[in-house]
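Structure, as structure tokens:
These figures come from a predicted structure and were not determined experimentally. Order of listing sets the numbers, starting from 1, for every ligand and every atom in it.
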Amino acid sequence: MKAKIAVLVSGGGTNLQALIDAQESGILHSGEIALVVSNARGAYALERAAKAGIPGVTLIKKELGGQQGFEEALQKVLTEYHIDVIVLAGFMTILSGDFTAKWPKRILNIHPALIPSFCGEGFYGLRVHEAVFAYGVKVTGATVHFVNHIPDGGEIIAQKAVEVQPGDTPEILQRRVMEQAEWILLPQATEKVCANLQK
Ligand code: GRF
């Protein structure tokens, strides 16, 4: 039996697309994407899900009475779809310790830097690459890790390094990290976690 995967998104969903493509090419074969959950209405990621025939659900924190209501609604929909593994792919909400404790080693996140550098609260989106740039490190990359109660603090599953090059801007770097690391690493790590669940 394949593990059922829910991908949680907030935006463009290029990492979701990488997972969909990996499913089509067979790189991801021990799990299947059964659900996409967005916490933002109109996220392009939802269109990507629809095109691939994957059900999409939108849950808005404000409309659900805040974090607790959001997580209750999320848990409900995950149960409804018999989800085994959750992948955070550009998901911009931090999940509470209460929620993550219910899914030990079942929630993966992709972070666009080499943890423990440039991570934790406040390090998201372009801000990560701006910080890399400002510090002047010559190597950055991406990390896939399990999610626990510490932001970006769970066990590391996989990492891939990417060089910072002369003439880079945070935007150029963001794109290179996606192309050379994130889109490769996330499907591989997801496959690994799903395969381990089958054992
Ligand atoms: C990626 O850089 C990911 O590492 C970070 O948020 C971004 C999401 O991009 N967590 P996308 O929505 O997958 O295109």
Side-chain angles (χ1 to χ4, degrees), residues 5-24 27-28 33 35-52 54 56-61 74 85-95 100 107-134 137 139-148 150-164 168-191 193:
I5 304 165
V7 184
L8 274 52
V9 298
S10 302
T14 62
N15 279 289
L16 167 65
Q17 191 63 54
L19 288 165
I20 293 170
D21 294 347
Q23 185 165 279
E24 277 164 14
I27 291 172
L28 175 57
I33 309 166
L35 176 69
V36 171
V37 179
S38 171
N39 69 343
R41 200 158 271 126
Y44 185 64
L46 288 169
E47 280 186 43
R48 296 181 191 269
K51 269 187 207 149
I54 302 163
V57 170
T58 304
L59 300 176
I60 309 288
K61 210 197 267 191
L74 179 60
V85 172
I86 302 170
V87 178
L88 310 184
F91 182 63
M92 301 299 264
T93 289
I94 291 179
L95 295 166
T100 59
I107 312 176
L108 288 76
N109 180 48
I110 176 98
H111 181 73
L114 293 174
I115 291 175
S117 291
F118 308 107
C119 67
E121 235 162 302
F123 284 98
Y124 58 86
L126 196 60
R127 288 187 186 202
V128 177
H129 305 286
E130 283 167 352
V132 163
F133 205 69
V137 294
V139 176
T140 182
T143 304
V144 180
H145 62 94
F146 284 121
V147 175
N148 63 11
I150 305 158
D152 294 327
E155 185 188 326
I156 291 172
I157 303 164
Q159 289 188 302
K160 196 166 190 293
V162 173
E163 275 183 28
V164 181
D168 272 355
T169 61
E171 288 81 3
I172 293 172
L173 197 55
Q174 181 179 45
R175 182 76 193 178
R176 186 177 313 116
V177 168
M178 283 181 158
E179 285 175 354
Q180 293 186 5
E182 295 185 47
W183 299 339
I184 302 162
L185 208 60
L186 186 60
Q188 285 175 349
T190 304
E191 168 57 28
V193 169

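Sorted by first and then second residue, the pairs that involve residues 154-164 and meet salt bridge (Lys or Arg N to Asp or Glu O under 4.0 Å), not counting sequence neighbours, are K105-E155.
R48 contributes a side-chain N or O that, together with a main-chain N or O of G12, makes up a donor-acceptor pair within less than 3.5 Å. Looking only at distances, no side-chain donor or acceptor of T140 sits under 3.5 Å from a matching main-chain atom of A113.
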Could you give the side-chain donor-acceptor pairs of residues 115-130 under 3.5 Å, partners two or more places apart or in another chain?
{"residue": "Y124", "atom": "OH", "partner": "R127", "partner atom": "NH2", "Å": "3.3"}

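Under the 3.5 Å distance criterion, with hydrogens and angles disregarded, a donor-acceptor pair is assigned to the side chains of N39 and S10.
Evaluation of the side-chain hydrogen bond (donor to acceptor under 3.5 Å, both in side chains) rule for E47 yields no partner, not counting sequence neighbours.
Residue-level contacts of ligand 1 at the 4.0 Å heavy-atom threshold are G12, G13, T14, N15, G90, I110, P112, M178, E182.
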